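Encoded as structure tokens, the structure appears first; notes follow it.
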Amino acid sequence: MKASNLTTSISFFLNAQHIKVAVSPETTALGLIRNELGKRGTKESCSEGDCGACTIAAGELSDGKLNYRAINSCLWPAIRLHGKHIITIEGLSQGEELNLIQEQMLEHHATQCGYCTPGIIMSLFCLFTRKQSPNKQDIVQALEGNLCRCTGYQPILSAAQSITELLIGKKHTNANHILPGYVSEIESKLVSHSEPIKVIETNAFQGRDIHGYYVPRTLEELHTCMDKFGDPERYRIVSGGTDLMVDININRNFPENIIDISEIDDLSAIRIKQDSISIGSGVTLTSIIEHPGIREKLPILRETLLLVGSEQIRNMATLAGNIANASPIADGVVALLGLDADVTLLSKNGRRNVKLSDFFIDYKQTDLQTGEILGEIHIPIQEGFFNFEKSSKRQAVDIATVNSFCYLKEDSGLISDCRFVFGGMDKTVRLAESCRPVVQGKKLDDRLILKCAEAAVKEFEPISDVRGSADYRRQLVENHIVKHLHKFLSINE
Amino acid sequence: MKEYKILNTRAPRVDANDKVTGKAKYTDDLAMPGMLYGAILHSPQAHAKIISIDTTAAENLTGVFAVITHKDAHKVSFGVSPARYDEYVLAREKVRYVGDEIAAVAAATPEVARQALDLIQVEFEELDPVFDARQAMAEGAPELHEKYQQNIVQQVHWHFGDVEAVRQKADIIRTDSLTSKMQDAAFMEPQCALANYDDRGYLTMYSSTQAPHYVQRTLAMALRIPLHKVRVVKPAVGGGFGPKASCSSMELITCLLAMKTGKPVKTTFDREQVFLHSRARHQFFHKMTTGVQKDGTLVFLEHECTLDGGAYCSFGIATVYYAGSLLGGPYRLENMKYDGYRVVTNKPACGAQRGHGAVIARALFEVQLDRIAEELNMDPIELRLKNVREAGETTCNELYLSSFGMKEALEAVRDSAAWKQKRKDQPRGKGIGAACGFFVSGAGYPIYNSATYHATVITKLSEVGGGVIVESGAADIGQGSDTMLAMITAEVLGIPLDDVKVISGDSDLAVDLGAYSSRTTLMAGAAAKEAAESVKRQILEVVAAKTGAACDDLDIQDAEIVWSKGDLDIDQIRHDHRLEHRNFSGIPLSGRLTFGEASRMAFLERGSIVGTGKYKPPVLGGSFKGAAVGTSPAFGCSAQVAEVTVDLETGEVTVNKITGAHDCGFAINRTQVEGQMEGSIMMGMGEALMEEIKFDDCGRILNANLAEYKIPTSLDVPPLEAIIIESNEPNGPFGAKEVGEGAIMPTIPAILNAIYDATNVRLDELPATPERIRAALRLKDKGK
């Protein structure tokens, strides 16, 4: 335990209320809202973002309007609440009148034990604030991060369907349909909200190990902050927070300090250029997925990222976090490697670019040096065939057993360039190098496909773990190669 | 069928408003002034002697109020079945699985409590562990408990009819086997308990439990407190599915900490602890040999089963009996032999989970029926229809089927799923499969030997008139029993549902054995009906006396007193009532005597009007050893058809549709019946395709979280069609019987049969993961 700890004073809106409160670094948004502010409707069930029972709506201003995203409050440091409008289950009904979503959940018996219900309603709330008439796919996507063990989901899906119909047909008699009445008032209050986060030295907190939580707003402030601690062992950089908070909640690994880079404007941009796309390390997966430029120029990235985690996780997590973590199985990393991306590493002394394929050194080890952070990801815009495959036990919100990406370029019927990338097969995500000589310069046919698959299988020495045996992984590699190449053939027929 | 106003509708649940607004209070939502937080030290060893426990440093940590070990507890063993009590509040002498409870702390904050745990020093002497049930039964295997020779907790040897005598009559004899994996119930609310011990020696515990009654008894016994001074209250509960049906060490520890500190103490499990405590589905190793005649008539079944139940007995005795007894139906099978062994190993203890004991047995038997149908070149549904029992029959193990819509259910799914056509026309990779199942509608006997009523209900008219309060011990854990009690009461009394308030799940209110074995609608429902009828009679007696009408000519309809002979003279009654309620709203000015006026009048005449109801099953079952398990006043039955697509390359299964039909006797609430069916089907689908607890070589769970222990998400839901069959159960209130568990029975085998139809490969191990299916496909390819 440290002699003194830092506490941070934050200011935000919770439902119709303005909250000013001092929080300690390891406090989660869930802990603050549920335990300290007494909103017991938000539930805790897994503490690591798997179940969605703690889902809250986090509103941020965008062009003067509040835009709400579903967040797993167990994975958000409470300090992140600063400057936001948070809506919890308690903030939806007005007096005795239920919100339209609550009303339809009730009508359809979409609550049994009810423990998942607040989270499910908040996920639906975020969906319906953005889309009046979501399709089945949108609804399922919005709910994929909310587990329910009682209902079998069917009544929940029916409730969502009927909300859509009522909204479209304007048939609802419920005036309190989606957005609570107080939202416009909070919108205007947030426009002028300029209270900064304050860090206060205190001795008041007992029983915790994190000393301080820092939120630099510029790269200069970031480097000053990192310099202050020097030894990278003394701090952890956090962007999305989805890995860090699992580490804190479950493994009780408390970093000495946390440096949160999510408020740095320089790191939060997506830039579309003629021949490449750059994504700042603070950009969430959802921002990438929804970016019109990416939808147009890099649809494969969007499609791949939609398979990562759940809606809530994508609203928090960043692609850069996946990379910095050096996870050997991350879907996004597999796609980036397949797209031949490189990364910019920033330090106070300057910047350097590293090919992503050179960035991963060993299991959970990267080329990131002391004083460096991952600043930007660059993806070249290329012509060709792209495909991502993922094998997992469940249709979504599942870490893959094996995932892979394939890039192929064809010139006059012959393969002129290719990349096959696999996750889950080695200590890092990596290219299957031996495939290239098999297919390069050749015309693809069934015989060649098998040879290519054979080469890929031979290349890896996977391990057996909870997600699958080594043998099964090898079989999946073969399947994936066949799937990629058959898809290519069917498109090029 | 009689016309009902409230029953058989789709009325919203009485607790839905609280649940959709976040107002429903679960145990962890509760707090008391001065409350401390409990935390438990779990064993890191699978099997070890405890040499010493040093709690000094933990006790000295600021903010710690108590640290307890087995020395602080009475040496009283507890468990589920009194004959097999084998647990202590905290481990004495040795630990038997990774997760066994060794010590506990009460502290000012949860964080301090956790830090204190880190300061407790335990010295172990490691013992050889055993993790496989069959190895545990072998000669020389490490012994977990002195009293269990060869680690066998219970063995069953049943023989009904005469298998040897009829063996020759069978034209086809098949032997098949199926192995499952330990599972987790994965309810959304982790267990939590909040205990308070007051100065008069009364202990009150709020707990996330399915069975306040049994928990109350166990607390009193293990903590040595007079039974009447222990009160167990169940707030809203976030699902149970079985594992919350018995008293846990955590509940006992929390009470002990409260008694030791004199302060309220709350302990909340984290998700890993839910997995460690487990008490969920056993691992089953089934082998069945079935003989049939050429025409499909079932001749005999020989069945062997070993159950890996982890470190303690828990529900194990019942589990091993259920695994055998519930194959007595739904088919005509007069010769059945069963040898079952329930074994302990150094893994988390297993207990009851939805479809207790019978789910995997059912899975194998239904899969085997399909294999037999194939050999006979018979349609699998035809084979089943040929053998299904009907109402009025008794099974070879003496289970009497007082109502039984099995045939109707099977025909309904066959027709609704367009079975015949799809069975014929589908390409390889697509398949369709069917299965049946049945289940008790309430265990015929309590867990401890007693002549107790299984459910009592006290219904009281509000003295001011107009409202009705139903007090019950029944545990609504999400299945909707409060709504059922309210609907039955409102129907009997002829009043709107909104005027009935249910208070339940409190051991001080009434007796109810709990939410297990799908007993609540039949048993608590019958008690509620009787209590409401008593109240109704009392009101009508007073009205009769006041008006001179004959009691038998009076009734209550739409909250008004109706006299079959015309209009009652109520002028004086109404005049008095209005005088009494000057300036109140809702005072009737004209029309018939209202229920509110009549209830007030009854109170003024007789004092508080209270009606009581009770239910106890008649003496059921045979006289052979273990005959009690499987008995029930009624049996629900279910048929399902699953349609799947299997990726023949990767082995991935997509379930395209499940059509289910369940005979619930009579649907008290139609939407709730469908809700139980759909929930059961999705749980069964998870168990069929993805759910399994994995262990490392040291007995540690590798996937004690909801990321790696997969349960279905909204993306996995196929279209589900739920068909309600109503066979009018004579022993159930208004003809109602169970739906909560019977509906899971056919799901796993229907999916397995559909996978076989799609792939022609047979799986002998569950769950049917892509990896296992692919391996089976590979094996088949090699065989060619």
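All values below were derived from every heavy atom in this structure, side-chain atoms included, with hydrogens, water molecules and symmetry-related copies excluded. No experiment lies behind these values; they were computed from the predicted model shown. Throughout, protein chains are lettered first and strands after them, A, B, ... in sequence-line order, and every chain is numbered starting at 1.
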By a 4.5 Å heavy-atom criterion (distance strictly below it), what part of [X] contacts chain B: side chain, backbone, both, or neither?
X        : value
A/Glu48  : side chain
A/Ser47  : neither
A/Thr88  : neither
A/Lys483 : side chain
A/Asp471 : neither
A/Glu44  : backbone
A/Arg473 : neither
A/Ile121 : side chain
A/Glu107 : neither

Taking all non-hydrogen atoms of both residues, which atom of B/Pro770 and which atom of A/Tyr472 are closest, and how far apart?
->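 Looks like CB-OH, 2.9 Å.
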Distance (rounded to the nearest 0.5 Å) between B/Glu649 CD and A/Leu476 CG |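 Going from CD on B/Glu649 over to CG on A/Leu476, the span is 11.0 Å.
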Separation between CZ (B/Arg271) and SG (A/Cys51), nearest 0.5 Å, reads 7.0 Å
Would you please say whether a donor-acceptor pair under 3.5 Å links the side chains of B/Thr21 and A/Gln102?
->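 Distance-only check fails for B/Thr21 and A/Gln102.
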Compare all side-chain heavy atoms of A/Arg252 with those of B/Arg114 and state whether any distance is below 4.5 angstrom.
->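 Heavy-atom side-chain distance check passes, below 4.5 Å.
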Let me know which of B/Glu189, B/Glu691, B/Glu687 forms a salt bridge (charged side-chain N to carboxylate O under 4.0 Å, His left out) with A/Arg149.
-> B/Glu691
Can any side-chain N or O of A/His109 pair as donor or acceptor with the backbone N or O of B/Glu674 at less than 3.5 Å?
-> no
Does B/Lys23 offer a backbone N or O that forms a donor-acceptor pair with the side chain of A/Arg40 under 3.5 Å?
->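 No, A/Arg40 side chain to B/Lys23 backbone: no donor-acceptor pair under 3.5 Å.
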Determine whether more than 12 heavy atoms belonging to other residues, nucleotides or ligands lie under 6.0 Å from atom NZ of A/Lys136.
-> no
Is a salt bridge present between B/Asp28 and A/Lys43, judged by a nitrogen-to-oxygen distance below 4.0 Å?
->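 Not counted as a salt bridge, because no side-chain N and carboxylate O are separated by less than 4.0 Å.
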Residue list, side chain to side chain donor-acceptor pair (under 3.5 Å) with B/Asn703, at least two apart or on another chain |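 B/Asn703: no side chain to side chain donor-acceptor pair (under 3.5 Å) contacts found.
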By side-chain contact (heavy atoms from CB on, under 4.5 Å), which residues pair with B/Ala768, not counting sequence neighbours?
->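 Partners of B/Ala768 under the side-chain contact (heavy atoms from CB on, under 4.5 Å) test: B/Leu689, B/Leu752, B/Ile755, B/Leu763, B/Ile773.
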